[in-house]
Amino acid sequence: MPRKLPFRVIHVSGQDESYRAAELNYHSPLTKGWQSSRYCLYPQDIVIQLENRSRLRKIQILSHQYLIATKIEFFVGDVPDEQLQDLENARYTRLGYVSLSDNEKTGYKARELKSVHVDAIGLYLKLNIHKNHINKYNIYNQVGIIAINVIGDDIRRPTDLTDPDVYLDPDKRKAIEADPSLEGLYNKPDFISPLDDLAFDMYQDPEIAGIIRKLEKKKQEAVLQERFEYAKKLKAAISELQKVGEKLGKYEVEKRQAVENEDYDKAKLRKVQMDEYRLQVYKELNLPDLLETSGSRHPQVIDLEPIRQATPPRLQEISYRTPPQTPPPRTPYDERPLPAMKNKDSKPTSDSPPPPRTPYDERVLPVKPPPVPEEEDPAPSETNTGITGEPEPMGEKELREASYAIDAFGEPLVSKAYSKTWSYREDALLAVYKHVQESSVSAKEECRNLLKATIFLIKRAIDDKVYSVFKAGLHLLRMILTEYIPKHKLTKQDTIYAVEKTMPNLLHKGGDTAQRNREDAKNFVLEEASLMEVKPTNIVPHECTKPIKLSLAPRQAQTQCEIVEALYLKLGIKSNTGLTVENLMQFCVTALGHNSDKVREVAERIIKDLYKEVRDPVKDYLPPDNEKTRKITLYRQLFEYFDKVDGKPTKTDVKRKRADDERKKQQEIDMLQQQLQQLKDMAAGKQDYHPSPRPKKHKPKLKVPCISWVCSIM
């Protein structure tokens, strides 16, 4: 029956000192994996040796997220019977290759898991790793592999024909005795346990993974002993422990990251959470009773081997592949549930048949946990601290950061605004909206403190990834500008403060990947510029026309340019609108240098519309109009448009007209030269064939001046 085969790396053509090939010998959430040396030569080779000569059924490769090889070739090696088992004596057979994605679509944040089903016999497995995909993160042209997994069957020599898995007729017995490699072809089920799959060890806490394997073995024994109630309890415990193992694995990764960032408070918090959570789960599941460490309630000894069925997988403890106690750190952990947990709401049953094969083939494994599903969790009671019905408490850093808001609204409400559950955050904003709207504070200083606290929470809401929280933040900001400030008769400086603090967040939201977020942020800025309380301050045009950085993200830069264009078309520059030729042109000239063509197109449209209105002052902010500048396509098109608006022929038209005039003049000269040649031919014919002069009336008197004029030209 196929199972996870132990192996060790015995040869590698090159390795980075911080990411050695020995990392591939074990699997855990903290495995760093192997990386080739910098600027290495390709292809790179990795050779692994199996514990025993085996029949390989499945090979799994987990690639690095950006140190990605273009393809990987697989070779299986074996040693002839008469020779010593040594790498030097191995003979390899090519199995094939797999191609790896360049990972550009995922932004180089996901790892690709390749699973290959094979049928080959050997002692060695060789990986031939070809050159890397080129990307901006792989600056040293390296390749990397996070983990390798091999699944197959051991081939025993001599063959044990008393094994119940090999109950064969005499002809097949003789065939196996002649060639032991045929053993894996008879009466061997193809079922591969999910516990042997690479994704299981890469997701699970090592201690929990070991307990799950022990419980699985106990469950198989209980089924053979017909202890079905006990097997049912074991199945439920395994399902629960899989979720626990994932969560502990995540905490372990976060703890290691906190240590690397020297955030020891967070590391200590994660360590305490892990210990408490682990003890709590062990106590709730009553693991000693499940494992029957104090003795079985059915102590009769049953010989499992003679009656062992073909379906249950064998799970054996592998001593030398146990991960070390302090494995090196690695990238963040994915919270995606394992397939055995997909039906977590359904009650476990003992008669569920095992799946036909593992469902991880050709799966892309994320490096970082996807934030959106966690943010949009509709159950407000589920948090990382457990199901408590209340938002998780705030840390010291958060308490210091939100001190203004806590003084104004109280810690319970602000803790909801800081919660990791989106429904709590939305409820907090609605509560703040009601509190501010019904506020009866009369002292100006208290009103300003309440305004500052509210703006602080609005800024967090605008940056929120959940759409409903973002919309609640915009709704609250609109109320502040249109109702709260006029009601309490605050000054113009308070209005400027509210807009000035939130405008960077709104412009940053204009670069969001979701279109509705970008459109809502853009429309709110335009609406804000037209509000009766905001328009006289001219703060919106002033903030929006600040020159952008050339390194700004294309979406955000394009949205800001579109906002400036809409403000110009809506407000103009003639009255006191906050828009002038100076700030518009400084903004547009900077935008013309952005590397995104869509950003440059919007800036060009603004410059063209502005030139129609003010003409020559626009040219003062552009490079001089000369041949050198016009060699640049962008400026040539602008200057030609200016000439067209001024009614002047463009320089291209002038050149074209000059070329046409030269062509016509050359045609006239050619025609006259042809006429001259004809006259010369006629004169030569007269001397040869007509020696006597013709009458004067026949002489071409009119042609003589023409001939002399042509000669003078020549």
Could you report the tightest heavy-atom contact between V259 and Y264, atom names first, then the distance? O-CE2, 4.2 Å

Are any of the side-chain nitrogens in D427 or K416 under 4.0 Å away from the carboxylate oxygens of its partner? no

Taking the side chain from T580 and the backbone from N583, do they hold a donor-acceptor pair closer than 3.5 Å? yes

Heavy-atom side-chain proximity of L592 to L634 below 4.5 angstrom: yes

Under 3.5 Å donor-acceptor, N103 side chain and A110 backbone: yes

Quiz question: by atom type and distance under 3.5 Å, do the side chains of E438 and Y433 form a donor-acceptor pair? no

Would a distance-only check, ignoring hydrogens and angles, find a side-chain to backbone donor-acceptor pair under 3.5 Å from H133 to L100? yes

Looking only at side chains, do Q515 and R518 share a donor and an acceptor under 3.5 Å apart? no

With distance as the sole test, does S415 use its side chain to make a donor-acceptor pair with the main-chain N or O of P412 at under 3.5 Å? yes

Checking N138 side chain against I134 main chain: does a donor-acceptor pair fall under 3.5 Å? no

Go through the side-chain N and O atoms of S530 and K570 and say whether any donor and acceptor fall under 3.5 Å apart. yes

Working to the nearest 0.5 angstrom, can you tell me the gap between K471 NZ and D464 CG? 14.0 Å

Are E254 and K266 within salt-bridge range, i.e. N to O under 4.0 Å? no

Less than 3.5 Å apart, any donor N or O on the side chain of E276 or Q280 sitting next to an acceptor on the other? no

Might you work through the side chain to side chain contact (heavy atoms under 4.5 Å, CB included) test for Y484 and Q437, ending with a clear yes or no? CA-CA 7 Å; Y484 181 78; Q437 193 175 38; over 6 Å; no

T502 side, atom OG1; Y497 side, atom OH - distance, nearest 0.5 Å: 10.0 Å

How many angstroms lie between OG in S63 and NZ in K114, if you round to the nearest 0.5 Å? 10.0 Å

What pair of heavy atoms forms the shortest contact from A603 to A591, and how long is it? CB-CB, 3.8 Å

OG1-CD1 distance between T31 and I145, expressed to the nearest 0.5 angstrom: 13.5 Å

Using 4.0 Å as the upper bound for N to carboxylate O, is an ion pair formed by E252 and R256? yes

If I take atom CG from residue L457 and atom CG from residue L477, how far apart are they, to the nearest 0.5 angstrom? 12.5 Å

Hey, is K420 close enough to E392 for a salt bridge, meaning N to O under 4.0 Å? no

Would you confirm whether K492, through its side chain, and P536, through its main-chain N or O, come within 3.5 Å as a donor-acceptor pair? no

Should the pair R516 and Y467 be classed as cation-pi, given the thresholds of under 6.0 Å to the six-membered ring centre and 45° from the axis? yes

Between the CD atom in E601 and the SG atom in C561, the distance rounded to the nearest 0.5 Å is 11.0 Å

What do the steps show when you test K535 against L571 for side chain to side chain contact (heavy atoms under 4.5 Å, CB included), and what is the final call? CA-CA 10 Å; K535 188 175 181 180; L571 302 177; 4.1 Å; yes

Indicate yes or no for a side-chain donor-acceptor contact from Q586 to the backbone of P547 under 3.5 Å, with no hydrogens or angles considered. no

Side-chain donor/acceptor of D407 to backbone N/O of Y404, under 3.5 Å: no

L610 versus I573: any side-chain heavy-atom pair under 4.5 Å? yes

Of the non-hydrogen atoms in L30 and V253, which two are nearest, and what is the gap between them? CD2-CG2, 3.7 Å

Side chains of Q242 and Q204: any donor to acceptor distance under 3.5 Å? no

Kindly say whether E519 contributes a backbone atom to a donor-acceptor pair with the side chain of N523 at under 3.5 angstrom? yes

Determine, for D512 against R555, whether the closest basic-nitrogen to carboxylate-oxygen distance falls under 4.0 angstrom. no

Quick check on side chain to side chain contact (heavy atoms under 4.5 Å, CB included): which of E527, M532, E528 does L481 satisfy it with? E528

For the residue pair Y418 / E401, report whether a side-chain donor-acceptor contact shorter than 3.5 Å exists. yes

For the residue pair Y137 and Y66, does the interplanar ring angle fall in the parallel (under 30°), tilted (30 to 60°) or perpendicular (over 60°) class? tilted

V534 and T537: which non-hydrogen atoms are nearest, and at how many Å? O-OG1, 2.5 Å

Between D205 and K247, is there a side-chain N and carboxylate O pair less than 4.0 Å apart? no

Over all atoms of both residues, closest heavy-atom pair of D201 and A209: OD1-CB, 4.4 Å

Least distance between heavy atoms, S18 atom then K32 atom: O-NZ, 2.8 Å

So does G395 get a backbone contact from the side chain of E398, meaning a donor-acceptor N/O pair under 3.5 Å? yes

